[in-house]
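Data first, discussion second: the structure below is written as structure tokens.
So you know, we letter chains A, B, ... as the sequences are listed, proteins then strands, and number each from 1. As a basis for the values below, the full set of heavy atoms in this structure was taken, side chains included, without hydrogen atoms, waters or symmetry mates.
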4 protein chains.
Amino acid sequence: MRKSPVQGRSQATVETILEASAQILHREGEAALTTNRIAAHAGFSIGTLYQYFPNRDAILAAMAEREQRRVLARLETELATLDPADPEPAVRQAIRTFLGAFRGRHGVRRAIILATLRRLPKDAKDNASLAEPMLEAIEARCAGHFEPLGEAGRYVLLRAVAGAVRSAAFERSPLLGTEAFEEALVRLVMGMLRPIPATPRRLPEGAGN
Amino acid sequence: MRKSPVQGRSQATVETILEASAQILHREGEAALTTNRIAAHAGFSIGTLYQYFPNRDAILAAMAEREQRRVLARLETELATLDPADPEPAVRQAIRTFLGAFRGRHGVRRAIILATLRRLPKDAKDNASLAEPMLEAIEARCAGHFEPLGEAGRYVLLRAVAGAVRSAAFERSPLLGTEAFEEALVRLVMGMLRPIPATPRRLPEGAGN
Amino acid sequence: MRKSPVQGRSQATVETILEASAQILHREGEAALTTNRIAAHAGFSIGTLYQYFPNRDAILAAMAEREQRRVLARLETELATLDPADPEPAVRQAIRTFLGAFRGRHGVRRAIILATLRRLPKDAKDNASLAEPMLEAIEARCAGHFEPLGEAGRYVLLRAVAGAVRSAAFERSPLLGTEAFEEALVRLVMGMLRPIPATPRRLPEGAGN
Amino acid sequence: MRKSPVQGRSQATVETILEASAQILHREGEAALTTNRIAAHAGFSIGTLYQYFPNRDAILAAMAEREQRRVLARLETELATLDPADPEPAVRQAIRTFLGAFRGRHGVRRAIILATLRRLPKDAKDNASLAEPMLEAIEARCAGHFEPLGEAGRYVLLRAVAGAVRSAAFERSPLLGTEAFEEALVRLVMGMLRPIPATPRRLPEGAGN
DNA sequence: AATGAATGAGGATTCATTCAT
DNA sequence: CATGAATGAATCCTCATTCAT
């Protein structure tokens, strides 16, 4: 960000610019996302745009961040209502919430995903960043019921879920909204979780295990 | 393709152009993949290039296809040696083979994936095409041992595996070559497969389940 | 100047702006000398800057003038101490003083010179303005000892000295501080001066010369 | 140069572009020398221009070089006719030739000088490059008649002459074409040269000096 | 078949300047 | 007096594509 918005006015400007970008992305695809077009669509002059963003890429990055933050916020409030006890319903709800985050403005998400992907030469990390809080929520709630996933296990599970959903979003698959899709995802996650036999409860005293 | 390469020379030219493109992609990234650069690198004039490809996109498409064909060919010969009997080793071998297909020339794969993704406005299909033969091989060999995956199940499993591997390739994750990664993928797949109890059929009454 | 700084505060503001400009010029070169940057560096808003200068060029002009005035002031006080009698030492001292004026803040001088040069489409005059007082000082003191230089002679001598020094400053030549350089300049000036044989007048007949 | 002109056609193109640039410089000053304007004036599209020059600066550099080469060539053929014997006439002729090089297309020279000056952050050398061959010619012909100038002396003499002439050209001084101007320059140069007393010739054998 | 010179619409970006607050 | 958000003409440059040779 080139200039920290001092006056309230400029904050709105930044917001307007980002929203305009999102709309263009949504309606006309990434190729149409030129700086001049953004400015025109936002109703500002190109110069104003460059007051706040050092270059085109920064706009995309800001948009990606904004979109991410939004979805994450939604995700977290919804996940907070997660029932701690039974694992499978918890997973299902998490999945459902996660899927919900992908609804609406596919074009935007799609473009953002692409743009984000493109700009990771080697500093790739947040490739599954949306799925991560989901997994953490599950882990937090179901700790002790499952063997912890190793590093590789976590990595694969996160990317697997994210990959499946992302693909569906990308391909605008009709499956995306269905219960069967949700069910399959739940199975995917549950299949990775290895339950810890509940016996210890029964033998609170003794030469355990 | 503007001109079907009937003569051997023409075929070689096309091949040279595609190889040059792949190398540029690998070495200098997608931004450097301009038609003039391709022509120069291939040792042809830009005019010649346009004798064989109607436009830049066609080159990318041809490259993607070529790369796809190559990997597929390798995949299929290797999968042919799959042991029919025991499911888990079969899955493991399939996974290993699949992973092998992703080794080498990451930059090219990466760029091709991106370029391919970009050019699917709504006609998205081949998003998991590499994983498909793997799944078919497993299904062919282990049919009867598992409940068939439904449409959604198939879809999710394919994209999940492809997504995980693709992410690792994209991020150049150090996990990519490890056994733990392979193991996690095997678990991912096995977790989705619901074994059909083979004996119950023969023993309809008995000490059930 | 858009507004004559009557109050002390205004004067300080103008001074601050000019000093900020000089510093930017010195540290970052002419390309960095944008109005916004000047304002920022001076700690004023761009609007304030335009309260005092009608446009960017005026700032440059004011800077050039200021710099000129400064050097001239120094030059004049130092030249005032010039010993009237012997011509060569007088010339040497004048040269030394002149050279002294070029020390320090080369970047600024350089940039100012360039900027000033650029803005003289046809009204060029002050091209040797710094050397002029030097020559005048010499002439004032040594009048009668030398044939007066003609218009062309004056012109050439001024530009010659100024040119040599300016070049050295521009090229940041290591010669600039050396005695040999000073010596050469003295020779350059002395070579142009044609002494008037002082005695012949008093000894109209005698062992001449 | 981005592309070495293979076909003869392109050589002409480069020449046309440079000539167009020179004309714009001459007629409208440096500010008007934009890439698009050059292209338009040359009768080519902007793309063509960039086939041959990597950026605007390269055009200026090429022009400067071209102009330099031209003047140098003229200078050298004329200096070749220099009479070896008597020093002063030799100097006068050299000066005259040198001055001749500055006639015509002042705007171009002016702009080129400025542009060249601007682009010497610290690698400044050729600041007097036109005067250098002149001095060499004189030195070659009059060796033995004068004490050799030291490094500083050469430096100063070159820049002094170049400076005076350059100033006159810059200021479009009416003196430029006059004999008085030429005469003053000759005196400037001659004043720097310290003749070696011709006596040694008379004492070919003896305790010399 | 091959060449490569030429094209030019269109993109990103800068920066002096204005004016409502 | 001061602010700083907004302006937009103008600049440099790219690159897919064509077509005469």
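The side chain of B/Ser45 lies closest to E/dG4, out of E/dG4, F/dA6, E/dT13. For A/Thr48, the listed nucleotide lying nearest its side chain is F/dT7; candidates were F/dT18, F/dC13, F/dT7. The side chain of C/Gln51 sits closest to F/dT3 out of F/dT3, F/dC13, E/dA12. Minimum atom distance to the side chain of B/Ile46 is reached by E/dA5, of the listed F/dG4, E/dA5, E/dA9.
Judged as a side chain to side chain contact (heavy atoms under 4.5 Å, CB included), and not counting sequence neighbours, the contacts of A/Glu15 are A/Arg66, A/Arg70. Legend: residues meeting side chain to side chain contact (heavy atoms under 4.5 Å, CB included) with C/Ala42, ordered by chain and number and at least two apart, are C/Thr16, C/Ile17, C/Ala20, C/Phe44. Legend: residues meeting side chain to side chain contact (heavy atoms under 4.5 Å, CB included) with A/Ala40, ordered by chain and number and at least two apart, are absent. For C/Arg27, the side chain to side chain contact (heavy atoms under 4.5 Å, CB included) test picks out C/Gln23, C/His41, with sequence neighbours left out.
Taking atom CG of residue B/Asp57 and atom C1' of nucleotide F/dT17, one finds them 13 Å apart after rounding to whole Å. Rounded to a whole Å, the CZ atom of A/Phe53 is 14 Å from the P atom of F/dA5. When rounded to the nearest whole Å, the span between CD1 of A/Ile59 and C1' of E/dG11 equals 13 Å. Rounded to an integer number of Å, the gap from CZ of B/Phe44 to P of F/dT17 is 20 Å. Atom-to-atom, CZ of D/Arg56 to C1' of F/dA10 comes out at 13 Å; the value is rounded to the nearest Å. Nucleotide E/dG11 holds its P atom 17 Å from the CG atom of A/Asn55, rounded to whole Å.
The CG atom of D/Leu33 lies 5.5 Å from the CG atom of D/Leu60; values are rounded to the nearest 0.5 Å. To the nearest 0.5 Å, atom CD1 of residue C/Ile59 and atom CD1 of residue C/Ile38 are 4.5 Å apart.
Contact between the side-chain N/O atoms of D/Tyr52 and the OP1/OP2 oxygens of E/dA6 is found at a separation under 4.0 Å. Close to E/dT14, at under 4.0 Å from its OP1 or OP2, lies no side-chain N or O of A/Tyr50.
Within residues 34-43 of chain C, no residue approaches DNA chain F, by heavy-atom distance under 4.0 Å.
C/Gln51 is not listed as a side-chain neighbour of C/Thr13, based on a closest heavy-atom distance of 4.5 Å or more.
Using a 4.0 Å cut-off between charged nitrogen and carboxylate oxygen, C/Arg37 and C/Glu30 do not count as a salt-bridge pair.
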Dot-bracket encoding per residue of DNA chain E, Watson-Crick/G-U cut-off under 3.5 Å, | denoting interstrand: .||||||||||||||||||||

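Contact between C/Ala62 and C/Phe53 at its shortest, heavy atoms only, is CB-CE2, 3.9 Å.
For the pair B/Gly47 and D/Leu49, both in contact range of DNA chain E, the more 5′-proximal nearest nucleotide belongs to B/Gly47.
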